[in-house]
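Quick note: residue numbers are just sequence positions, from 1.
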Amino acid sequence: MKIKVLGSGASEGFPAIFCNCDSCIKARKAGGKNIRTRSQFYVNNDLMIDFGDDTYYHSLNENITLSKLKYLLITHSHIDHYNPTIFRYRGGYYAAELCESVLKVYSTPAVKEIYDNMDRGKPMDEVKNNIEFNVPTEFVPFSIGDYTIHTLQAIHMKDEKCYMYVVEKGGKRVLFGNDSGYYPDVTFEYLKGMHLDLVFLDCTFGLHSYGINSSHMGIPENLKVKERFYENGTADESTVFVTHHFTHTCGSTHEELCKEMEKHGLLVSHDGMLFEL
């Protein structure tokens, strides 16, 4: 698998859109890997994880033909991960000669409900024919093309189910843990004995922590997840752990994050980062 990190930041971006705190000022000045757009992943030119505000920019920046997408996994309904109005442009007079006639979407129940009940920006009937929505059941693997997908419970929103996904292909497994606090026991138990090759961990708070019961994680919680994965046989020395989804309030530059994460065997994601398994 080829996995491209299209965006590595939280909902406000980093630097945050209206912010002039020290972290945002430093990020704007330093540029490069300090500029983080909203979180999104691209796999093998046919699969994408999340579909938020920066999807159009990512497609231009990475030369992605979005009509070639076959599969889309959506983790939850926050707009940095799911902007439903984008779907209105997939057909009709907005899009001619689609490379793939149907985009298969897999999402939480709430994400599908938002799509079904859209008013302003609702896709036309001829566009809807080009989009197939599915709601997978947690912890029941399913197949799409050459992939096997495992849908996991995340801890993120109090009033809505939120998912993480393990994508499996060719004997390799990748956990895309976009938005989540410390994982529920049921997720750890499901992954017990399932070896992961690459793990993306929500590290919104960077080097800080807001506690094990928060809806996001920092490095203290990431290390607890890593330790539990080792105990459960979910990870070993060959597993690559990548911290991801940073907010400007984490207060660290990319270089500062890398310096600290390296001590713990963790990588730091950045926009455009590429992995090949």
Side-chain angles (χ1 to χ4, degrees), residues 1-8 39-51 55 58-59 62-75 81 99-108 132 134-154 163-180 183 187-202 222 225-226 228-245 265-277:
M1 284 190 284
K2 290 185 178 181
I3 299 99
K4 174 67 71 76
V5 179
L6 299 179
S8 60
S39 183
Q40 191 171 34
F41 295 96
Y42 186 47
V43 181
N44 289 345
N45 301 318
D46 61 0
L47 169 66
M48 192 168 278
I49 293 91
D50 282 340
F51 211 59
T55 298
H58 291 158
S59 71
E62 295 291 344
N63 195 28
I64 296 170
T65 302
L66 285 173
S67 76
K68 288 183 178 180
L69 271 184
K70 295 180 179 179
Y71 316 112
L72 174 61
L73 309 178
I74 299 177
T75 58
H81 296 267
C99 299
E100 289 290 331
S101 58
V102 177
L103 173 63
K104 295 183 178 181
V105 183
Y106 300 84
S107 75
T108 67
E132 176 190 303
N134 305 272
V135 177
T137 303
E138 304 101 294
F139 311 116
V140 177
F142 63 96
S143 296
I144 50 175
D146 295 330
Y147 301 101
T148 298
I149 310 298
H150 304 264
T151 307
L152 312 177
Q153 286 183 11
Y163 291 163
M164 300 180 292
Y165 297 98
V166 169
V167 176
E168 180 177 351
K169 184 177 181 180
K172 301 294 186 180
R173 299 188 185 101
V174 183
L175 170 60
F176 295 96
N178 273 350
D179 281 29
S180 183
Y183 304 155
T187 291
F188 281 116
E189 286 302 310
Y190 180 81
L191 292 173
K192 199 170 186 176
M194 181 189 294
H195 181 267
L196 300 176
D197 298 280
L198 179 60
V199 176
F200 290 97
L201 296 168
D202 176 315
N222 283 180
V225 171
K226 183 180 180 182
R228 185 122 177 223
F229 277 1
Y230 268 72
E231 291 173 355
N232 287 350
T234 305
D236 57 24
E237 292 299 327
S238 68
T239 304
V240 178
F241 286 86
V242 186
T243 54
H244 182 69
H245 193 272
L266 303 172
L267 299 179
V268 180
S269 75
H270 59 80
D271 291 18
M273 195 175 198
L274 178 66
F275 296 87
E276 296 190 39
L277 301 178

Taking all non-hydrogen atoms of both residues into account, name the closest pair between [X] and [Y] and its distance.
| X | Y | value |
| --- | --- | --- |
| S269 | S8 | OG-CB, 3.3 Å |
| K172 | M1 | O-CE, 3.6 Å |
| G193 | T234 | N-OG1, 4.1 Å |
| D197 | G171 | OD2-O, 4.0 Å |
| T243 | V268 | OG1-CA, 3.5 Å |
| T151 | T137 | CB-O, 4.0 Å |

field: Chi angles and distances behind the side chain to side chain contact (heavy atoms under 4.5 Å, CB included) call for V199, K226
entry: CA-CA 9 Å; V199 176; K226 183 180 180 182; over 6 Å; no
Does the side chain of [X] reach to within under 4.5 Å of the side chain of [Y], using non-hydrogen atoms?
| X | Y | result |
| --- | --- | --- |
| Y165 | L47 | no |
| H195 | S238 | yes |
| H245 | H81 | yes |
| L66 | M48 | yes |
| D146 | N44 | no |
| L267 | F275 | yes |
| N232 | L191 | no |
| V140 | F142 | no |

task: Take M164 and Y183 through the test side chain to side chain contact (heavy atoms under 4.5 Å, CB included) and record every step on the way to the result.
output: CA-CA 10 Å; M164 300 180 292; Y183 304 155; 3.4 Å; yes
- prompt: What pairs with E138 under salt bridge (charged side-chain N to carboxylate O under 4.0 Å, His left out), at least two apart in sequence or on another chain?
  reply: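 Scan of E138 (salt bridge (charged side-chain N to carboxylate O under 4.0 Å, His left out), adjacent residues dropped) gives K161.
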message: Within this structure, what is the OG-CD distance for the pair S101 and E132, rounded to the nearest 0.5 Å?
response: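 CD of E132 is found 10.0 Å from OG of S101.
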message: Just to verify, what does H270 make a side-chain hydrogen bond (donor to acceptor under 3.5 Å, both in side chains) with, not counting sequence neighbours?
response: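 For H270, no residue satisfies side-chain hydrogen bond (donor to acceptor under 3.5 Å, both in side chains) once neighbours in sequence are set aside.
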task: May I have the step-by-step check of side chain to side chain contact (heavy atoms under 4.5 Å, CB included) for T75 and D179, ending in yes or no?
output: CA-CA 8 Å; T75 58; D179 281 29; 5.6 Å; no
- prompt: Does NZ or CZ of K104 fall inside the cone over Y71's six-membered ring, less than 6.0 Å from its centre and within 45° of the axis?
  reply: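 Verdict for Y71: no cation-pi partner in K104.
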task: Taking atom types as modelled, find out whether D202 and S180 have a side-chain donor-acceptor pair closer than 3.5 angstrom.
output: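 No, S180 and D202 have no side-chain donor paired with an acceptor closer than 3.5 Å.
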task: Decide if the gap between the ring center of Y106 and the ring center of Y163 is smaller than 6.0 angstrom.
output: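 Not close enough - the centres of the two rings lie 6.0 Å or further apart.
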task: Would you please classify the geometry between the F41 ring and the F200 ring as parallel, tilted or perpendicular, with 30° and 60° separating the classes?
output: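 Taking F41 first and then F200, their aromatic rings sit tilted (interplane angle of 30° to 60°).
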- request: Please step through side chain to side chain contact (heavy atoms under 4.5 Å, CB included) for the pair V43 and Y147, ending with a clear verdict.
  value: CA-CA 11 Å; V43 181; Y147 301 101; 4.1 Å; yes
